[in-house]
Amino acid sequence: MKDWKKFALAASLVLAATAVKAEEKFITIGTGGQTGVYFIVGQSICKLVNRGTSTHNIKCTAPSTGGSIANINAIKAGDQDMGVAQSDWQFHALNGTSKFEETGAFPELRSVFSVHPEPFTVVARADSGINTFDDLKGKRVNISNPGSGARGTMEVLMGVKGWAMSDFALASELKSAEQAQALCDNKVDAIVFTVGHPSGTIQEATTSCESKIISVEGAEIDKLIADNPYYSAASVPGGMYTGTDSDVNTFGVRATFVSSTKADEETIYQVVKAVFDNFDRFKGLHPAFANLKEEEMITAGVSAPVHDGAARYFKERGLIK
Ligand code: GLU
């Protein structure tokens, strides 16, 4: 081959490579603390998406974040494309209610699919004298970081009980990944977390020191469940964590995967396809995913309209009409 031909060939290869590069699409999924399950949800979705990068050119990352409310706000601001969020906060963000009253409704919010159930979980030190949720009053409690869904749901419960921050001896705002250590260092008497089970945080809290899971039940909780579609009765299975041998009653939400109309149809379609075409593999990536069912993931905890890209995949599979 003549030199100029070689040069032209090389140049066109470089151009072709640049063209492919230019089409690469980077997407970010907001998760939660590193010892929670949201982090694994995001990492698992990205793992499956990134296996197909050579065909669809999408590159996915899932950094640790403050949790549900932070994720929804970041999607709204355009800082994240997708995120994991509790079903109660999906509902309130869409409608501009509760914590989202000030910022207003977010009608562009879209549901992609639901993931695992998340019981509202309270863990107390064995020496704290805490046996029921009401015993938290007057104690040192980590009510979780602002931006987390757990913090939001704890504030709803405080509202139901008529408690203010000043009703606790201490109301700390540590992030989920920091709270097990604070509990076991005796800096707080109890921690709260809306989380799938088993979770790293609760495992750490129940194995590093003597502690147990506390029930959250009674007439007020029954009313919360009856009045709000995004809550349901839930329990933490006995025997899953050291110190808690029987099932513990509480209430819970769903972890949901959300985005907005800003994310294009093709991208969401590819993300949903990566998960649902590899469903068994996805379920194997965390024990909290083991009981997931496709049909439930399309309906449970969903209040926002389904994203067009997700709807396209579900229709193709005959999961919806
Ligand atoms: N539901 C929690 C929250 O939004 C996060 C749970 C997790 O990290 O798995 O704060």
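Order of listing sets the numbers, starting from 1, for every ligand and every atom in it.
- Where the criterion is an N or O separation shorter than 3.5 Å, residue side chain and backbone included, Ser176 fails it with respect to ligand 1.
- Remark: aromatic rings of Tyr230 and His92 are close, center separation under 6.0 Å.
- Checked against a 3.5 angstrom limit, the closest N/O atoms of Gly149 and ligand 1 fall inside it.
- An N or O contact shorter than 3.5 Å links Ala150 to ligand 1 by distance.
- A salt bridge is defined here as a Lys NZ or Arg NE, NH1 or NH2 lying under 4.0 Å from an Asp or Glu carboxylate O, and Lys262 with Glu108 fails to meet this definition.
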In sequence, state the C-alpha distance, the side-chain angles, and the governing distance for Phe168 and Trp163, and then conclude on ring-ring contact (aromatic ring centres under 6.0 Å, His included).
-> CA-CA 9 Å; Phe168 299 110; Trp163 297 348; 5.7 Å; yes
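- Residue contacts with ligand 1 for Arg151 are absent, since no atom lies close enough (heavy atoms, distance under 4.0 Å).
- Of the protein's non-hydrogen atoms, the one nearest atom 4 (O) of ligand 1 is Ser68 OG, 2.6 Å.
- Nearest to atom 2 (C) of ligand 1 by heavy-atom distance, out of Val115, Val253, Thr194, Val192, is Thr194.
- Taking the six-membered ring for Trp and the full ring otherwise, the centers of Phe276 and Phe314 sit less than 6.0 Å from each other.
- By the 30° and 60° cut-offs, the orientation of the rings of His286 relative to Phe289 is tilted.
- Within the 4.0 Å heavy-atom shell around ligand 1 one does not find Phe39.
- Close approach to Ser148 involves these atoms of ligand 1, each under 4.0 Å from a residue heavy atom: 10 (O).
- Note: Phe106 and Phe100 fail the aromatic proximity criterion, with ring centroids not under 6.0 Å apart.
- When every heavy atom of Leu183 is checked against every heavy atom of Ala205, the shortest pair comes out as CD2-CB, 3.9 Å.
- At least one N or O atom of Val37 sits closer than 3.5 Å to an N or O atom of ligand 1.
- Neither the backbone nor the side chain of Trp89 has any atom closer than 4.0 Å to an atom of ligand 1 (non-hydrogen atoms only).
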